[in-house]
Amino acid sequence: PFHYNLLMKAFSRAGNPDEVLRLFREMKESKCDPNVLCYTTVMDALVAANRSEEAENVFEQMIDSGVTPDAASFTVLVKFYSFYLKRFDSAYEIIRWMVRSGCDPDVVTYSTLITGLCWAGMVEEAWGVLDQMLQGKCAPNAHSYTPFLEAYCSQGKIEAAMRLMESMRSIGCPPDAVAYNILINGLCKHGYFDVVAHLLQNSVSDGWEPDAVTYNTYISRLCKVGRSGDAFKQLEIMLEKKLCPTIVTLNIVLDSICRESTVWEGNHLLERRLELGLDVDVVSYNTIMSRLCEIGKLSWVLKLFNDMFKKGISPNTETCNILIHSLCKAGNFRKAKCIFTSKGFFADIVTCNILIHEFYKAGKIDELHNLLSGMDMENIRPDTVTFNTIIDCLCRNGKFLEAIDFVRSVEDGYP
RNA sequence: CAUUUCCUGAGUCUCUUAA
């Protein structure tokens, strides 16, 4: 069981839930009874792949086979109810169940719920959970506060975020590099690059040390506002500080090069990756394929996809979305559908938005309706992009009355 | 039975869709 768990954990980290499931089956067939840790590993792998129904099944299996869940396994349930399904009533229900069964929720459980609530924009509710936590004599840590920082920053409430940083200090949870990274991301997003420069200068006296993520954040944001020259200066500083660039750093630079100069130069960087001591990953390929998709080079996209496969890098949902988009743009709906319906691929809302747009453009209204009802069955919830796409397409086709009806029909259900 | 070690859960950065 230990060794199986180690293996499963490795595949889970590599983002390969199917292999995790295969090992899990193999384990049970070889009469090696999984323990709580194994069940939790499997559940977490499934949740990370947004396959929560299957995770729920595994939890039930665990109960049925008489294995007692611990705080960690319950927390995985809280995680998928709050992070993915946003069903907070169910998350609270899990916590009540924990208390009833004598397995008290700990700081991780509460922090998970707080994170989910903050991501959903329910900041007030989240403060309530923090109170509940304090009443339950469970001491909060940095994980309990940073979700609030993130929420404030994304709402543009920079002042509130700064004030929270100060209170963290006085409460005895001084902000760490992660907290500063969240703040820096928020500051960059709202254009306060000068404030970021100051924070970096004062880091020693403020008691924190910038890490690779700090610079990745700063560099990426500078690139996004077209200041790639300044971004490269920061990359130099990062290297001078002996901070090792990560694969994310490489991907940020790659993205900037592909957008600003040519895909060709981006590809060139890929070939020189070894000099940096970094190996490319699925995101590197997605970055290039996406730019190729943009300029309509289907055959190049397919070639890179093959290269990627040969290197043993598994495609993720983004990869498949780029492929589907490229195929549709080239009018090859048949192949696109092949990917869409292939097992092992789990469509998300982005996949559906791409198809909705392409079906409209191609006038494939029947296909469109099939897709919409399929989304309903698969529980894929439309987002703002879905609605904007539909409205935009209706208007472009001159169907203004239909567009107006549509807006009215979704007015209350607008996400 | 105790003790020690190993294996499970939470926060920040990069890629995909509309305008």
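So you know, we letter chains A, B, ... as the sequences are listed, proteins then strands, and number each from 1.
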Q. What do you reckon, do A/His143 and the base of B/G11 stack, with centroid distance below 5.5 Å and planes below 30°?
A. no

Q. Roughly how many Å is it from CD1 in A/Ile288 to P in B/U14, rounded to a whole number?
A. 18 Å

Q: Could you state the atom-to-atom distance from NZ of A/Lys9 to C1' of B/U8 in whole Å?
A: 7 Å

Q) If we only count heavy atoms from C-beta on, is the A/Arg221 to A/Phe193 side-chain gap below 4.5 Å? A) yes

Q | Candidates B/U17, B/A18, B/G11 - which lies nearest the side chain of A/Asp392 | A | B/A18

Q: Please tell me which of the listed nucleotides, B/A18, B/U17, B/G11, lies nearest to the side chain of A/Phe83?
A: B/G11

Q | Heavy-atom check, side chain of A/Val253 versus side chain of A/Leu235, under 4.5 Å | A | yes

Q) Between the base of B/U8 and the side chain of A/Asp70, is there a donor-acceptor distance below 3.5 Å? A) yes

Q.
B/A10, OP1 or OP2 - any side-chain N/O from A/Lys79 closer than 4.0 Å?
A. yes

Q) Could you state the CG-P distance from A/Leu183 to B/C13, rounded to the nearest angstrom? A) 13 Å

Q | Closest to side chain of A/Asn141, choosing from B/U14, B/U17, B/A10 | A | B/A10

Q: Round to a whole Å and report the spacing from CD of A/Glu56 to P of B/G9.
A: 19 Å

Q: Please work out if A/Thr109 contacts a base, only the sugar-phosphate, or nothing of the nucleic acid, heavy-atom cut-off 4.0 Å.
A: base

Q. Using a cut-off of 4.0 Å on non-hydrogen atoms, how would the nucleic acid contact of A/Thr389 be classed: base, sugar-phosphate, or nothing?
A. sugar-phosphate

Q: Could you state the atom-to-atom distance from CG of A/Leu113 to P of B/A10 in whole Å?
A: 15 Å

Q. Side chains of A/Phe305 and A/Tyr285: closer than 4.5 Å at any heavy-atom pair?
A. no

Q.
For a quick check, tell me whether the side chain of A/Thr41 and the base of B/G9 share a donor-acceptor pair closer than 3.5 Å.
A. no

Q. Nearest of B/U14, B/C7, B/U12 to any side-chain atom of A/Val178?
A. B/U12

Q. Which whole-number value in Å describes the distance from A/Ile114 CD1 to B/G9 C1'?
A. 15 Å

Q: Can you figure out which of B/C7, B/G11, B/C15 approaches the side chain of A/Thr146 most closely?
A: B/G11

Q.
With a cut-off of less than 4.0 Å, is there a side-chain N or O of A/Arg291 near OP1 or OP2 of B/C15?
A. no

Q.
Regarding A/Asp176, tell me which of base, sugar-phosphate or nothing describes its non-hydrogen contacts under 4.0 Å with the strands shown.
A. base

(Q) Looking only at the side chain of A/Phe2 (C-beta and beyond, no hydrogens), which of the listed nucleotides B/G11, B/U14, B/C7 gets closest? (A) B/C7

Q: Using a strict cut-off of less than 4.0 Å between a Lys/Arg side-chain nitrogen and an Asp/Glu carboxylate oxygen, indicate whether A/Glu358 and A/Lys364 qualify as a salt bridge.
A: no

Q: Mark yes or no for a side-chain to base donor-acceptor pair under 3.5 Å between A/Asn388 and B/A18, with no hydrogen or angle criteria applied.
A: yes

Q: Would you indicate, yes or no, if B/C15 has its OP1 or OP2 atom less than 4.0 angstrom from a side-chain nitrogen or oxygen of A/Lys224?
A: yes

Q.
Using the side-chain heavy atoms of A/His325, tell me which of these nucleotides is nearest: B/U17, B/G9, B/C7.
A. B/U17

Q: For A/Tyr360 and B/A19, give me the distance from atom OH to atom P, rounded to whole Å.
A: 14 Å

Q) Which one, B/A10, B/U8, B/U16, comes nearest to the side chain of A/Val108? A) B/A10

(Q) From C-beta outward on A/Asn5, which listed nucleotide comes closest to its side chain: B/C7, B/U12, B/A18? (A) B/C7

Q. From the list B/U17, B/U14, B/U12, which nucleotide is the closest neighbour of the side chain of A/Val248?
A. B/U14

Q: Report which part of the nucleic acid A/Ala212 touches: base, sugar-phosphate, or nothing (heavy-atom distance under 4.0 Å, all strands).
A: nothing

**Q.** Geometric class of the A/Trp127/A/Tyr152 ring pair [parallel <30°, tilted 30-60°, perpendicular >60°]
**A.** tilted

**Q.** A/Lys335 atom NZ, over 12 foreign heavy atoms within 6.0 Å
**A.** no

(Q) For a quick check of understanding: with a heavy-atom distance under 4.0 Å over all strands, which category does A/Asn35 fall into, base, sugar-phosphate or nothing? (A) nothing

**Q.** Rounded distance (nearest 0.5 Å) linking atom CG of A/Leu372 with atom CZ of A/Phe359
**A.** 9.5 Å

Q. Which is true for A/Thr217 with a 4.0 Å heavy-atom rule: it touches a base, it touches only sugar-phosphate, or it touches nothing?
A. sugar-phosphate

Q. Rounding to a whole Å, what distance do you find between A/Phe305:CZ and B/U16:C1'?
A. 14 Å

